[in-house]
Each structure stands twice: as structure tokens, then as C-alpha cells.
Amino acid sequence: MKSYDFKATEKKWQNKWDESGVFYAQQDFTKPKFYCLVEFPYPSGQGLHVGHPRSYTMLDIIARKKRFEGYNVLYPMGWDAFGLPTENYAIKNHIHPEIVTKNNIANFKKQLKSLGFSFDWSREINTTDPSYYKWTQWIFLKLFEQGLAYKKEMAVNWCTSCKCVLANEEVVNGGCERCGSEVVRKVKSQWMLKITQYAQRLIDDLDDLDYIERVKLQQKNWIGRSTGAEVDFTSTTGDKITVFTTRPDTLFGATYMVMSPEHPLIDKWEKNIKNFDEVCEYRQESARKSDFERTEINKEKTGVCLDGVCAINPVNNKEIPIFISDYVLVSYGTGAIMAVPGHDTRDFEFAKKFDLPIIEVVKGGDIEKEAFTDCETGIMVNSGFLDGLSVEDAKEKITQFLEKHEKGHPKVNYKLRDWVFSRQRYWGEPIPIVHCEKCGYVPLPEESLPLELPMVDSYEPTENGESPLAKITDWINTTCPKCGAPAKRETDTMPQWAGSSWYFLRYCDPHNDTELASKQALEYWSPIDWYNGGMEHTTLHLLYSRFWHKFLYDIGVVPTCEPYAKRTSHGMILGENGEKMSKSRGNVVNPDDIVNEFGADTMRLYEMFIGDFEKAAPWNTSSIKGCRRFIDRIWGLLDIAVAGKSYSKELESEMHRTIKKVSSDIDSLKSNTAIATMMSLVNKIYEVGRINHAELKTLMILLNPFAPHITEEMWEIMDFGGVITSQKWPTFDEQKCKDESIEIAVQINGKVKSKINVATDIESENAISLAKEDEKIAKEIEGKQIIKELYVKGRLVNIVVK
RNA sequence: GCGGAUAUGGUGGAAUUGGCAGACACGCUAGAUUUAGGAUCUAGUGCGAAAGCAUGCAGGUUCAAGUCCUGUUAUCCGCACCA
């Protein structure tokens, strides 16, 4: 047999698959279904990264195996194509983002096709297509209708030189990424989505889902539920200052209060605060810092004491000073805290720095040295009617007291914040809202969707921080859908997260122009049986899409309350030097080069063999050779394939073990050991010197999900009948997996001293006495006292001697 | 800082979940074959001369620890307008 021409063969089968549509999901809703999903890519200008094929190949393997097992499989692909890099590229090179997107998609698609994925290309979607974002806008209208979309003043990053809003990522060390100028926080009115209303359900419903544990944990921590109380203090100006605390039990230990520099009461107190200039200066300073910098625990605590206004502690009517400090965030809780330096680490440091009194109210630690934060063991002291109680009981009693005196109430708080949904950008879905002077914010009627992005020549940001759409006067000026008076369109666009929060629904029925997807299609395909994606999407995309899905469930659009039944996550592929691949590090590997030099099957095998799918792994081009050799050795089997029965009993049982191992390894994402097992099998076949047709057929099917091209070709050459993709997944016989005898280790005091051969099903006593008969062991135990003897089935004998 | 994870030969990684550490590959060494090899095949390959020693580091539990417990160090991912 001549050597394997991967280029011609791979092209041949890719064309055949394209023409036949063999991987299209069937419209037959009576068959068992399997919906297998990977995160759709952002079609960047750099083209496909070698990281993309890692998860696409893994799920392709699962999809292909499921087809062999008789499922109607949906394995779709699409483009998450709105976004900042495209817009920036367009601005820089004066090419319209739509053109940029079109070119990038064409390139991505070509690259994906060259890898032989079994995607259903008839269901390809693109978030920037008006027929798609029509439904993104429709969902927004529903959210608005239900009161879940609202406007709010929010701080944004503002570049003082470019005069535009920056993404956090565009802010580098407090400066603008592009021009290096100072970036400040500026308040702007933004569209917000009330994800916090779903916080509890987003936590509770995780219990019934098959997500990997670290994803669940990270989501729970991100939502950050904490229970405590809101307590109302009164200021000496007579205003109510509400604080949230998880430790209401320590209320008697509150010796001062800290408010976020942005707290609205501070402006109200302008006349009362004698050092208002100093306060303003501090506010400006903290406006320059990110939340992240502000809450860093190791940094020196800063703050300003308000001169002229104090707070009154509701339990003992004591006056305490009020500080502003940047470690208190306006976005969490009420934007103000009661400080209990005796029992909170940050408050303790702050009190030390500003020389504030520290009162012990829970006994058990040494508050001279550090804050005592333990809630389990402490006993209340210096706390009036709480004295002598445990922390738990004190929490309950103080909360009752506060409620009775209308000074507070129990409260559940979440770290999760509402979703800032506005972007002052061009390349996003227009928000379908009109602002009418008389009627306020008025939604566009559903029939008028999609509200298309106007085609313009310039998408540069405006001077005043408005979206580039604000400059297109004939687009902005419209009439109010409600009263008909002249009105203005919303000029902000949606974030990229919008399109990706429901795309998986569209795949079920991608060409429907009357619904986002038909009821019937959604009933059949929901929920997604297996969704794989990066850990970096755990807290944003994954949570946002669960939120939207729950909302759509509540209004009766989708049949399940959760979108994804199972979620797994792949590790990153790093550069050869073990660092993240990036242009600036110069360690980027282009998948096209690999496919050209080694072929798609080798590339797929290599990425699946590189290591544990869930862990990061460094790329190593020289290791690919091993997979290339394996492909060649597979091809070589054509020369030693013979008709008739199996030629080796040993090979036969190895065959059965391989079926078992490969099947279970695919299901548990252990592609690396599945491949290793097949490599061992092939080594064995060459050792035996021949393989019969039945065995070769089995091996071809096992390998097909990994290396689909060569196995199709060999199936055809061997004339095994039909095409390989219409075969059934092989089964194994448990009895035939076992060998008759096995080698076990014999240990003395836990150290291996010898090995013996025993029957697989040997009894414990027999194994031990056989072990003692072994020459080396007999010598070891001679004259010694045997304390313990044990046999671990199929593994070892351990004899403990003294 | 907060939250999540990871650490095993020269390299990527295996290890039935507490039971023979290093499967399967890469690389390397030697040999065969070839006009030639960055091709193929064969043999060897954790360290150590050996007794032995080895799973980031320091302790602990156990007949037995890469795996469990305590502490510690380093690296990676996310932190809400990158996707």
C-alpha cells in the first residue's frame, strides 16, 4: 500500500460530508435526541486559535459517538460577531465592521471545515445578522415590558483625551490603553438588567444540574449570598443612614461608620461638613481607582473623617464619627457600613491607622493584637442585653430588637450586581427604545423589529461620550410610537453578551421568522445535553444566559427553567514556553500550518492526546510526530488485514478491553487515555503481525470520532460496506476483557520485594500462602514475627513483620 | 485583595480514586536498513555504583499516601464595558 496522502483524502471526505449533509440534525422529532454544544467563537481578525479546536474536537468526538449510538445529534456552530476588536479594527483601517466581520467569518469557517468537524452547517447563525438580532431585541423588549430593564446612573471609565468610554480592559494602570492619558470615573445614565431579581434561583437551581463542581462553586461565590441585617442609624442632621451587616450581633461594638465616597448623603450634607473641600479631594482621588484596587486588603487604609456630622448608634444612642473611605463600595450593600474594629479585619486596620476606639463585644480572641472574627465559639460581652449569648443567638435577638423598634430588619444581600447593558459603541445591537419627552422611554412595537444598525461611514466615538449612533441625526430623529410626537432613538447599543445569552435556542430553529424558535423544536431539543466552554465564561456568559433562559421560561417562551443540563470546561492551550499564547509574546501557533504539514486527523489526535482535557497544556510541535506516526501505522494495517477468525487470544481480549476503555473514556472526556489505549492496541497488532477484518472494522469505528478522514477512507478501501458513519458503536464482552492469570506484587512492610503470578480469581488465603512460598519473600520473613497479612484483590499481598 | 484551580522523569502526561509511581507519547542513546534522512524498524532510557531514593516544600494519619488531613510556596484563570 502506498503511503497515506492526507491532503487529498481529507479534502475528498470534507467535500462528501458537505454535499451529503450527513451531519445535519434530522427533523425527526420521534428519535432520541442529543444536543451537544460548544461556545460559538468570536470571529477575530487573527483567525482560529489552536485553543478553539481543543473543545470543538472533544465535543465532535462525543457527537460522532452519539450518532453511532443512534441518537439524533445536534452539533451546531455560529458566530458571536459583535464586539470591540472588530469596531476598533474598522476605525483604524476604515473598513466597515460588517465587511470586517464577513471576512473574518469566511476565514474562520474555512479553518473549521479544514478540521473536519461534524457541525450542522445548515443551522449556522450570526449574531450580527438582522434576522438574528431581531430576536435579541425582542427579548430586550420583553425584559423592558416586565420591568427588568431600567435606566440608572452608573460610573464608567472615561478617557480624558480620547473623550470616550473605555472598557475595563482598555484601562491599563489607570491610563488609556490607546493614548496613555488619564482615565477617570464618570457618571452616565445606563440601561440595566435586573439579574439580581433572579439571584436566589440562580443559586438554588444549580443543585439539580450536572455542572463540574468548580463551576457551581464559582457561580455561587460570584452571586455571593450573605445573610444579615439592615440597621438604620440616624445622623446628627436627622437623616437615616442604613447599613448592611452580616454581624448585627456586634452592633454594640460599632465605634465609627464608613461610607463610600460616592454616597448620595454626602452631597446633601455639603453645608454641615466643615472639611468639605478635603472630602471632595478624596472623592476625586478614589474616582481614579477601580473597585479592584480599592478593596485590596494589603494596601494602606485611607479615608477622611466628616467634620460636623456624626451617626447615632440605634442600640445605645452613642454618637460615633463618620468616615468616607474607598474600601466601601457604593455598589455593594447600602454603600455604608458600621465599623466594628474588634471583630472585622479591615475595620481593625482602619481603626489602628486612625486611632479609633476598639471595643470587644465577643469574648474569645485577643483584640489587642487582631480582630476576632470567629462566630462559632465567642460569647457576647459589653453588649447590654446580649451579654452572655452565643453569636448565633445574639444575631437573632438583636434582629428582633431592631424590628420591634423599627430600626432594622433581617436582610439577604448578594454580591451580584445588576447587569450594565448599555455600550456607547457602534458595533452592537441597537436598543429598540425611543425617548419621548412626553411619554418617557417607549419600546418600539414588536412588528417594527429588527431595528437595523444604520450604515454609516464613521463609527468613531463622539466628543461627549455618546454612542457613535448619536451623530446620525436622521436615524435618531423619529416619532414616538405611543403619541406620534417627535422623539429620539436610544443611541446606546447592547453588549456582546446579549447575542450569546440565547443563541443556543436559535440553533433549534434557525430560519424561523415568526418566533425565536418554534415551540415544537424547543420542546424537542431542550435542554442542551452537554455544553462545553472555557472557565473564563463561568461567571458572566454562563450566568447571563441562565438568567435570560429563566426569564424566557417565566414568560412561557422556553420549556425548561435551565438551558444546560451538563457543563464541562476545557483547559487552555498555552504556548511552547508554558505561557498564554499571544501575539505580543510571539508564541502563537497557527492551526492552518499544522493542518497543512500534518493533516487534520493528526492535529485532532494531537490536541486530544496533549493531556487532561480539563487542564491547561503547553503546545509542543515536535510531539505531534507521535500522532502522525500513529496515523501512518493505522494506514499500514491495510497491509496486514486478513479475513477469518482472530489470530490471537491475547489480541482478542485486548480488543474487548479497548472497546470498553475508549467508550468510557470518551464519556468522561479522557481523550488522552483513549488514544493511548488505541496506540497500545496497534502496537499489539503489529506484534501479532495481523488483524482480521472484524477487528479492523471495530478499530475503525473506535477511531473514527478522533480521526474521521482516514477511517472513512480505509472503510471504503476495505469495502466493508456502506459508509462508516452509518455503522453502530461496537460492544464488548466483560468476560473477554479479563486475562486468566495476573501478576501481583508482594510487599514486606509496604515495600515491593517480589512479584508472583496468580489466577485472577484467587482467594485471599491462597494468595498469601503463595506469596510466602516465593523464594525472596521466604527469605525476608525468615525468623521474623508476622504481625499482619493482607491481600488486595488483583493488586498485591502485604506482609507486615517485626 | 477576593473567588476558583494546578504542581509527578530531560518533555507532555498515566495511575483502577488509599494498593506495584512513571501507562502512552516526545526526546535522547545504541544498532539495523537506506545514495541520503527531520523516513522506517529493533533494543535501552526516573535518579543512584549499590543498599536505596523519588510525585512543589514541611509535618501528620495508615499495613499502605501522588491520592486523605494541617501548614506553606509557586504558577494559572476570573473579578462585572475583552470575549
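Within every chain, numbering begins at 1; the chains are lettered A, B, ... in the order of the sequence lines, protein sequences first and strands thereafter.
The interatomic distance linking Met572(A) (CE) with rA83(B) (P) rounds to 18 Å, in whole Å. We find that NZ of Lys670(A) is positioned 13 Å from P of rG13(B), with the value rounded to whole Å. The CD-C1' distance, from Glu87(A) to rC81(B), rounds to 12 Å in whole Å. Residue Phe630(A) contributes atom CZ, which lies 12 Å from atom P of rC26(B) at whole-angstrom precision. The distance between atom CZ of Phe598(A) and atom C1' of rC26(B), rounded to the nearest whole Å, is 12 Å. Put simply, OH on Tyr544(A) is 11 Å from P on rA83(B), counting in whole angstrom units. Rounded to whole Å, atom P of rG1(B) lies 11 Å from atom CD of Glu349(A). Put simply, CG on Asp418(A) is 16 Å from P on rA80(B), counting in whole angstrom units.
Separating the C1' atom of rA7(B) from that of rG56(B) is a span of 6 Å, rounded to the nearest Å. For the P atoms, the distance linking rG37(B) with rG44(B) amounts to 24 Å, nearest Å. Annotation: rU8(B) and rU40(B) have their C1' atoms spaced 33 Å apart (nearest Å). Atom C1' of rU70(B) sits at a distance of 15 Å from the matching atom of rA65(B), rounded to the whole Å. Separation of the P atoms belonging to rA15(B) and rA23(B) is 12 Å when rounded to the nearest angstrom. With both ends at atom P, the span from rC53(B) to rG66(B) equals 13 Å, rounded to whole Å. Annotation: rA83(B) and rA74(B) have their P atoms spaced 33 Å apart (nearest Å). For the P atom pair drawn from rU75(B) and rA64(B), the interatomic distance equals 35 Å after rounding to whole Å.
Applying the side-chain hydrogen bond (donor to acceptor under 3.5 Å, both in side chains) rule to Glu579(A) yields the partners Arg585(A); only residues at least two apart in sequence or on another chain are considered.
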Short N/O separations, protein against nucleotides 4-9 of chain B, under 3.5 angstrom:
residue, atom, partner, partner atom, Å
rG4(B), OP1, Asn221(A), ND2, 3.4
rG4(B), O2', Gln218(A), NE2, 2.9

Measure all distances between protein nitrogen or oxygen atoms and nitrogen or oxygen atoms of nucleotides 35-42 of chain B, and list the pairs falling under 3.5 Å.
residue, atom, partner, partner atom, Å
rC41(B), OP1, Arg633(A), NH1, 3.0

Dump the pairs, protein N or O against N or O of nucleotides 18-24 of chain B, anything under 3.5 Å, distances to one decimal.
residue, atom, partner, partner atom, Å
rC20(B), O2, Lys755(A), NZ, 2.5
rC20(B), N4, Glu743(A), O, 2.9

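Among the heavy atoms of the strands, none lies under 4.0 Å from Glu579(A). Looking at heavy-atom distances under 4.0 Å, Val746(A) makes no contact with the nucleic acid at all. Looking at heavy-atom distances under 4.0 Å, Ile610(A) makes contact with sugar-phosphate atoms alone, never a base. Residue Lys661(A) is classed as having no contact, given no heavy-atom separation below 4.0 Å to the nucleic acid. Within the nucleic acid shown, Leu416(A) comes within 4.0 Å of at least one base atom, counting heavy atoms only. Residue Glu39(A) is classed as having no contact, given no heavy-atom separation below 4.0 Å to the nucleic acid. Pro618(A) comes within 4.0 angstrom of sugar-phosphate atoms only, judged by non-hydrogen atoms across all strands, and of no base. His537(A) comes within contact range of at least one nucleobase, with a heavy-atom separation under 4.0 Å.
The residue from Phe82(A), Tyr42(A), Trp548(A), Tyr544(A) that alone fulfils the ring pair (Phe, Tyr, Trp, His ring centres under 6.0 Å) condition with Trp497(A) is Tyr544(A).
Side chain to side chain, Asp492(A) and Ser467(A) fail the donor-acceptor criterion of an N or O pair below 3.5 Å. A side-chain donor-acceptor contact under 3.5 Å links Asp347(A) and Tyr327(A). Using modelled atom types and a 3.5 Å distance limit, the side chains of Thr621(A) and Glu576(A) yield a donor-acceptor pair. With hydrogens and angles left out, the side-chain atoms of Asn413(A) and Arg225(A) include no donor and acceptor closer than 3.5 Å. Using modelled atom types and a 3.5 Å distance limit, the side chains of Gln219(A) and Arg546(A) yield a donor-acceptor pair.
The residue among Arg423(A) and Leu574(A) whose nearest nucleotide of RNA chain B is located toward the 5' end is Leu574(A). Comparing Lys788(A) and Cys627(A) by the nucleotide of RNA chain B whose heavy atom lies nearest to each, the residue mapping closer to the 5' end is Cys627(A).
Ion pairing of Glu650(A) with Lys684(A) is present here, as a side-chain N (NZ or NE/NH1/NH2) and a carboxylate O approach within less than 4.0 Å. A salt bridge links Glu39(A) with Arg567(A); the closest basic N to acidic carboxylate O contact falls under 4.0 Å. Comment: Lys151(A) engages Glu490(A) in a salt bridge, judged by a side-chain N to carboxylate O separation of less than 4.0 angstrom. Ion pair Glu349(A)/Arg346(A) not flagged as a salt bridge, since none of the NZ, NE, NH1 or NH2 atoms sits closer than 4.0 Å to an Asp/Glu carboxylate oxygen.
Glycosidic conformation of rG37(B): anti, with the torsion beyond 90° of 0. In this structure, rU17(B) is classed as syn because its glycosidic torsion stays within 90° of zero.
The base of rC63(B) is not paired with the side chain of Glu789(A) by any donor and acceptor separated by under 3.5 Å.
Note on residues 742-756 of chain A: pairs passing side-chain hydrogen bond (donor to acceptor under 3.5 Å, both in side chains), not counting sequence neighbours, are Ser754(A)-Asp774(A).
For Phe40(A) and Trp79(A), the gap between ring centers reaches or exceeds 6.0 Å. Aromatic rings from Trp191(A) and Tyr150(A) are positioned such that their centres are separated by 6.0 Å or more.
Lys220(A) NZ: more than 12 foreign heavy atoms inside a 6.0 Å radius.
One finds the CD atom of Glu607(A) at 5.0 Å from the CH2 atom of Trp619(A) (value rounded to the nearest 0.5 Å).
Counting only Watson-Crick and G-U wobble pairs whose two distances sit under 3.5 Å, RNA chain B takes part in these stems of three or more pairs: B:1-7 with B:73-79, B:10-12 with B:24-26, B:27-32 with B:40-45, B:56-60 with B:68-72.
Taking only side-chain atoms of Lys580(A), from C-beta outward, the nucleotide of rC77(B), rA80(B), rU11(B) with the closest atom is rC77(B).
Ala371(A) and Thr345(A) get closest at one heavy-atom pair: CB-N, 3.8 Å.
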